[in-house]
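Worksheet: one structure, shown below.
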Amino acid sequence: MALTAPKRKRRKGRKKKKQKPQNRLRLILRASGFAALALVGGSVLWAGLYAIASPPGTLLMLQRKLSGDVIAHPWTPLEEISPHLVTAVIAAEDTRFCLHNGIDFEAIDKALEEKKKGKRLRGASTISQQTAKNAFFWNGGGWLRKGGEAWMTVLIESIWPKRRVMEVYLNISEWGDGNFGAEAAAQARFGKSAKDLTSYEAALLASVLPNPHKWRVDPPGPYVRSRSHTIRSRMDQVRRDGLDACVLNAR
């Protein structure tokens, strides 16, 4: 009678231990912490890089290029941009530019008070906020972008001097027809360099900044002419009160 080998008992697979809820929570918190640190560290490095290097482009430039526009974006140092344009954009967009730390809470409170009185809610965005949005984000609303914009505004105001904020702002602002920056706008609209802009021409350029696709400089319509006249009056006040000193007197 043939002997048969004894049957080996199959080992049952080891059951995986289930992770306890507190362990999962710990892992999630740890991963979230690393992600937050990476985000903060990355944003600080990005802002630090732009403090010394010219931004190569913006998301809005990419958007315009994809829509078929030919982009003109020559970078121009602030020393080669007319001081009239510096004064004009402060007069038009943010007269408290030299007084606030990026976010103008006084202007926000004033805008909300006017809203309560039944007036149309006006924007209280500063030049610093517009610079942060243009340099690091995209057009459009949404709390995600607005929160990121607020963070980057505080960050660049902490790292950059006011002159650098203005320099970047004037070099990446959109002036319509694919023209980004003061030099491209001056060449396209007046056929001259940004350093040669007159007070009148600077006021015209500043008057269309809120919506360069709706309002034109060449030729200016009734609204643009009226707004540029108002801006020129404000420019006199800005100069008189030294509201552009943090840029023009900080050479």
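Every value quoted in this text rests on a predicted model; they were computed, and no experiment measured them.
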Aromatic ring centroids of Trp215 and Tyr223 under 6.0 Å? yes
With no hydrogens and no angle check, is any side-chain donor or acceptor of Ser173 less than 3.5 Å from a backbone partner on Leu170? no
Can we say Asp177 and Arg216 salt-bridge, meaning some charged N sits less than 4.0 Å from an Asp/Glu carboxylate O? yes
Quick one: do Glu149 and Lys146 make a salt bridge, cutoff under 4.0 Å? no
Within the 4.5 Å heavy-atom criterion, are Met235 and Arg239 side-chain neighbours or not? yes
Under 3.5 Å, side chain of Asp104 to main-chain N/O of Ser125, donor-acceptor pair present? no
Rounding to 0.5 Å, atoms OG1 (Thr131) and CH2 (Trp160) come to a distance of 7.0 Å
Do Val40 and Trp151 have side chains that approach each other closer than 4.5 Å (heavy atoms only, starting at C-beta)? yes
Does Leu66 sit in a hydrophobic cluster with other residues, and if so which ones, taking ILVMFWY side chains as linked at heavy-atom separations under 4.5 Å, directly or through other members? Leu62
Which atom names give the shortest non-hydrogen contact between Ala135 and Thr58, and what distance separates them? CA-CG2, 4.4 Å
Any sub-3.5 Å donor-acceptor pair from Arg64's side-chain atoms to Asp69's backbone N or O? no
Minimum-distance pair of heavy atoms, taken over all atoms of Ile159 and Ala51: CG2-CB, 4.1 Å
Can you get from Val86 to Val208 by hopping between Ile, Leu, Val, Met, Phe, Trp and Tyr side chains that sit under 4.5 Å apart? yes
One thing to verify: whether Glu79 and Arg163 come together as a salt bridge, which I'm taking to mean a side-chain N less than 4.0 angstrom from a carboxylate O. yes
Calculate, to the nearest 0.5 Å, the distance between atoms OH and CZ belonging to Tyr50 and Phe136 respectively. 6.5 Å
Between Leu209 and Trp175, is any pair of side-chain heavy atoms under 4.5 Å apart? yes
Check for me, please, whether Val168 and Leu49 land in the same ILVMFWY cluster - side-chain distances under 4.5 Å, paths through other members count. yes
Side-chain heavy-atom pair Trp138, Gln63 within 4.5 angstrom cut-off: no
Nearest 0.5 Å please: distance from the CD1 atom of Ile172 over to the NZ atom of Lys133. 9.5 Å
Flag, side chain of Ser226 to backbone of Pro222, donor-acceptor distance under 3.5 Å: no
So do the side chains of Ser43 and Leu155 get within less than 4.5 Å of each other, counting heavy atoms only? yes
Can you check side chain to side chain contact (heavy atoms under 4.5 Å, CB included) on Gln237 and Arg240, steps first, answer last? CA-CA 5 Å; Gln237 182 180 353; Arg240 185 170 62 250; 3.7 Å; yes
Between Arg227 (side chain) and Ser207 (backbone), is there a donor-acceptor pair under 3.5 Å? yes
If you apply the rule side chain to side chain contact (heavy atoms under 4.5 Å, CB included), what do you find for Ile103 with Thr126, and how did you get there? CA-CA 6 Å; Ile103 299 175; Thr126 65; 5.7 Å; no
Measure across Glu167 and Pro77 and return the closest heavy-atom pair with its distance rounded to 0.1 Å. OE2-CA, 3.3 Å
By the definition side-chain contact (heavy atoms from CB on, under 4.5 Å), identify the one residue from Met152, His100, Met166 that meets it with Ser128. His100
Same apolar cluster (I L V M F W Y, side chains within < 4.5 Å links), Phe97/Ile81: yes
Is there a donor in the side chain of His213 and an acceptor in the side chain of Glu174, or the other way round, less than 3.5 Å apart? yes
Say whether Thr87 and Asp244, considering side chains only, have a donor N or O and an acceptor N or O under 3.5 Å apart. yes
Mind checking the SG-CD1 spacing from Cys98 to Ile127? Nearest 0.5 Å is all I need. 9.0 Å
Under 3.5 Å, is there a donor on one side chain and an acceptor on the other for Arg232 and His84? no
Quick check: does any side chain N or O of Asp241 sit under 3.5 Å from a backbone N or O of Val238, one acting as donor and the other as acceptor? no
The reported gap from CZ in Arg234 to CG in Leu243 (rounded to nearest 0.5 angstrom) is 12.0 Å
Going by an N to O cut-off under 4.0 Å, is there a salt bridge joining Lys192 and Glu201? yes
same_hphob_cluster(Ile156, Leu39) at 4.5 Å side-chain heavy-atom cutoff: no
For residues Asn171 and Leu78, determine if any side-chain heavy atom of one lies less than 4.5 Å from a side-chain heavy atom of the other. no
Begin from the C-alpha positions of Phe190 and Thr198 and carry the test side chain to side chain contact (heavy atoms under 4.5 Å, CB included) through to its verdict. CA-CA 10 Å; Phe190 304 112; Thr198 66; over 6 Å; no
Answer yes or no: does atom NZ of Lys162 have more than 12 heavy-atom neighbours from other residues, nucleotides or ligands under 6.0 Å? yes
Whether the side chain of Glu80 engages the backbone of Lys195 through a donor-acceptor N/O pair (distance < 3.5 Å, no angle test) should be reported. no
Glu183 side, atom CD; Leu197 side, atom CG - distance, nearest 0.5 Å: 8.5 Å
